[in-house]
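Working notes, beginning with the structure itself.
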Amino acid sequence: MTKRRLFTRLGIAGTVLAIAGTLLIAPPAQSVETGLSAVNSSTWQTNASVQGLAVAGGKAYAGGRFTSVRPPGAAAGTGEVGQAYLAAFDQTTGELVSTFNPVLNGQVYAVAASPDGSRIFVGGDFTTVDGQTRNRIAAFDTATGDLVANWKPSVSYRVKTIAVSGTTVYFGGSFGLVNGLTRNRLAAVTTDTGTLLPWAPDVNGDVYAVDAADDASKVYAGGQFSTVNGTNQNTVTSLDPVTGAVLPFPGASAVPPPNGSCTTRVKTIDASGDTVYFGNGGDGGGCFDGTWAVDIATNTLKWKNQCLGATEAVKVVNGWLYKGSHAHDCANQGAGGFPQGFGYHFLLTEKLTDGTLGPWFPNTDADPNSVTNVGPLAFATGGSDLWAGGDFLHVNGVAQQGLTHFTNAGPGAAPAKPAKLLPYSVQPGVVQIHFPTVVDNDDSTLTYRLLKGFSNTTIATWTAKSTPWSQPWLSYTDTSSAPGDVTNYRVEVTDGSTTVRGNYSDPVTVASTASTAYDQLVKADGPQAYWRLGEPAGTTTSVDSSGQSNNGTFTGVTLGGAGAIAGDTAMTTSTTTGRMVGEKAYSMPQQFTVEAWVKQSGFGRGGRIIGFGNSKTANSGSGGDRMLYMRTNGSIVFGVDDGAQQTLTSPSGNNDGNWHHVVGTYDSTTGTGAMKLYVDGVLSGSALVGPASVYYGWWRVGYDLGYTWPGAGATQTGMGIDEAAVYPYALSPLQVQSHYAAR
């Protein structure tokens, strides 16, 4: 492992710049960190939603709204086998078990297995099975596939959820009677003969989920109710498994009470070991949709994760909590993941200890024409695998409807292919290389090797973490070549079982003399985006010169005016809202540099120079942040929002009609954000602040809505902006000074 060193312009042989300037030393990479591959295994499909799942006797039993099943890879309507509402699949191969073909006259919502796997119990809307009366609940023998003849409780309305504990079957739903006796939405019968037990909690609303602790000490139920046995219970309750009495449940405070804008309810429960895990779905913007965990012995809260996007299923497998939801904001209230705007993630995993997201990123979609349209609805495990059912049409971008299966067999997902490197040499005997990390859908910790020449000699090694929403950059300064040498580089990445190599870079000639070309110095320092803004008048697209393909669009600007760098032109804002916005979006950058040259004339004029915002085409809410702007008195301000507007301000007078070099850097690799502002190569201010705000956005040059920031409302018209650049780390003072001096 290369020792940690500071980055310098001149470099040292073997110098490594890793994430935000420090080599990230992490545990050795291993394939499939969470114990399940993100690559789904082959299994049959259904033609509509799967709503209940259980694994028993070497088979996975799926119940739902479907009326037929078909082989993997078959398009809808192709190879269909009629099998309505309940089907079985081989747990290993995923193939349909053709000998299990019960006939039900209504859909199935719940499937559960007995502890010994000898029976499965199903519940739903049906009233007959194989021509025999079975009012909304039934049992099957897993060895023969036969309906159990002497097990036939009669339930008055829908059974939505079933849990089996020892010799007792607990079930909940929308019913009011079982065997003609009052049972308001919760009931219990014996596993052997279906004898109704005296357990009869009185619930005033539908029950969506029920489960019993592994030690049979408690039963938990969740749903759309507010009282149980006449006591206030906000959508979740803990019950005595024998008497049905309500037990003290301080951990239930995790569920916020309903109000005019939010009603949330428990939709899924999984008790595992000493902990019970819950998932919520809410109505209303920002309403609690997350997961939470409770210690079974004390019923006290262990943790709460507030990802937004209703949680429909949770299941503990291989020491992780797997979560089926349509999560769209897992940065909400410190949930530890991706921000709003990053897209929907229907499959996730969380650490059992604190609920933070783990490195498992397969995905489904949701069928827009289904009744539910939410994606995964049910999970089940045979011990070391995960079956997922729902209303989805695709898994990992490939057509697969209703049902999928994940195992720990095989090598897991492969890392993505590393980018082709863009090495630069601007100092004698020195080559600089910067590149982004990649994503592996079941490993966040990967090992990277930098290879030199066609001999593929390893000259640097990193172990670094990345996720789909956070892909830090790694950097290296190579001083092992003589001036004038011609060489090339490539990167390979491995997850411990699969190694993927990127393409060779174009050949680079090692410099013999120091370059003074401004654009070469900028490119050598590894910008994530670099808009020279030197396009001719009438151009609508700004070309990204960084090699990262983040071109931008001009609106309300004039091009072709004299620029800050000799021989190049610049953009001038010809309207009060003139700007250029990059086409690529980024997720809440926590290490970055913004850099530009700016020229403005006249007291009372200033405006936004460069920054980050949450809109690609319109004004950003509250004006965004991570920005440089000029106040009416000509002072330069660098602003970052860490929950409050944190600013650094330079001396005034920079609206004097001359070009000024302005740079803002931010680095939060240690948990505290270090802000620095430079004007014309000189440090103008620094501060330690919190983590920068979490949202999905675009880098923007020129105007954005900024009236909420101190002094940010200056008139923008007539501002010249040139050589705008964004870096995925904090430039050093030496780098800033060298850029300024190169003008």
Side-chain angles (χ1 to χ4, degrees), residues 26-27 30-38 53 55 163 165 209-220 222 236 238 249-255 266-280 288-307 309-325 327 330-338 345-362 376 378-388 406-408 412 441-445 465 467:
Q30 57 177 337
S31 182
V32 190
E33 276 183 68
T34 65
L36 285 181
S37 171
L53 283 167
V55 179
S165 176
V210 65
D211 203 9
D214 289 352
D215 63 3
S217 62
K218 296 178 177 71
V219 173
Y220 297 91
V236 67
S238 177
F249 194 6
S253 62
V255 182
V266 169
K267 305 190 80 172
T268 179
I269 304 172
D270 186 36
S272 178
D274 62 2
T275 306
V276 57
Y277 303 90
F278 301 86
N280 273 60
F288 180 49
D289 286 327
T291 52
W292 47 292
V294 165
D295 178 77
I296 290 174
T298 62
N299 265 353
T300 55
L301 185 67
K302 284 187 169 183
W303 53 258
K304 179 178 178 179
N305 183 299
Q306 304 207 71
C307 281
T311 302
E312 306 288 341
V314 294
K315 182 63 65 176
V316 174
V317 183
N318 294 340
W320 291 85
L321 181 69
Y322 289 83
K323 164 188 167 82
S325 68
C330 282
N332 180 55
Q333 300 189 50
F338 51 90
H345 287 258
F346 295 89
L347 294 170
L348 293 168
T349 193
E350 299 176 357
K351 293 181 181 179
L352 298 185
T353 53
D354 59 11
T356 55
L357 296 189
W360 190 70
F361 310 112
F379 284 168
T381 181
S384 60
D385 60 351
L386 180 71
W387 288 82
F406 299 94
T407 73
N408 56 9
N441 278 337
D442 46 34
D443 296 282
S444 63
T445 302
K465 288 191 172 184
T467 64

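Keep in mind that this is a model prediction, so the values were computed, not measured. The analysis underlying the following values was restricted to heavy atoms, covering all of them including side chains, and did not include hydrogens, waters or symmetry mates.
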Has [X] got a side-chain atom pairing as donor or acceptor with [Y]'s backbone, closer than 3.5 angstrom?
X: K267; Y: G279; result: no
X: W387; Y: A378; result: no
X: N299; Y: G251; result: no
X: E312; Y: T268; result: no
X: D211; Y: Y220; result: no
X: D443; Y: E33; result: yes
X: D270; Y: V316; result: yes
X: D289; Y: G309; result: yes
X: T349; Y: L321; result: yes
X: N318; Y: G35; result: yes

Please report the shortest heavy-atom distance between [X] and [Y], naming the atom on each side.
X: V266; Y: F278; value: CG1-CD2, 4.1 Å
X: S325; Y: P376; value: O-CD, 4.2 Å
X: S253; Y: P250; value: OG-O, 3.0 Å
X: A331; Y: G337; value: CB-O, 3.8 Å
X: A335; Y: C307; value: CB-N, 3.8 Å
X: F338; Y: L357; value: CE2-CD1, 4.3 Å

Please report the C-alpha distance between F361 and H345 in whole Å, then the side-chain angles of each, then the deciding distance to 0.1 Å, and finally whether the ring pair (Phe, Tyr, Trp, His ring centres under 6.0 Å) criterion is met.
-> CA-CA 8 Å; F361 310 112; H345 287 258; 7.1 Å; no

What residues form a salt bridge (Lys or Arg N to Asp or Glu O under 4.0 Å) with K302, not counting sequence neighbours?
->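 K302 satisfies salt bridge (Lys or Arg N to Asp or Glu O under 4.0 Å) with D274 once adjacent residues are dropped.
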
Should the pair K323 and F346 be classed as cation-pi, given the thresholds of under 6.0 Å to the six-membered ring centre and 45° from the axis?
->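 No, K323 and F346 do not form such a contact.
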
Just how far is it from atom [atom1] of [X] to atom [atom2] of [Y], taken to the nearest 0.5 Å?
X: S37; Y: D385; atom1: OG; atom2: CG; answer: 12.5 Å
X: T34; Y: L348; atom1: OG1; atom2: CG; answer: 11.0 Å
X: L36; Y: L347; atom1: CG; atom2: CG; answer: 11.0 Å
X: E350; Y: T356; atom1: CD; atom2: OG1; answer: 8.0 Å
X: I296; Y: S238; atom1: CD1; atom2: OG; answer: 9.0 Å
X: T353; Y: W320; atom1: OG1; atom2: CH2; answer: 8.0 Å

Do the side chains of [Y] and [X] get nearer than 4.5 Å, heavy atoms only?
X: P362; Y: F406; value: yes
X: V210; Y: V219; value: yes
X: T275; Y: L352; value: no
X: I269; Y: V276; value: yes

Derivation and outcome, side chain to side chain contact (heavy atoms under 4.5 Å, CB included), residues T381 and V55 | CA-CA 6 Å; T381 181; V55 179; 5.8 Å; no

W292 pairs by side chain to side chain donor-acceptor pair (under 3.5 Å) with which of T311, N305, N280?
->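 So the option named by the test is N280.
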
ring-ring contact (aromatic ring centres under 6.0 Å, His included) partner of Y322, the single match among F379, W360, Y277 =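 Of F379, W360, Y277, ring-ring contact (aromatic ring centres under 6.0 Å, His included) with Y322 is met by W360 alone.
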
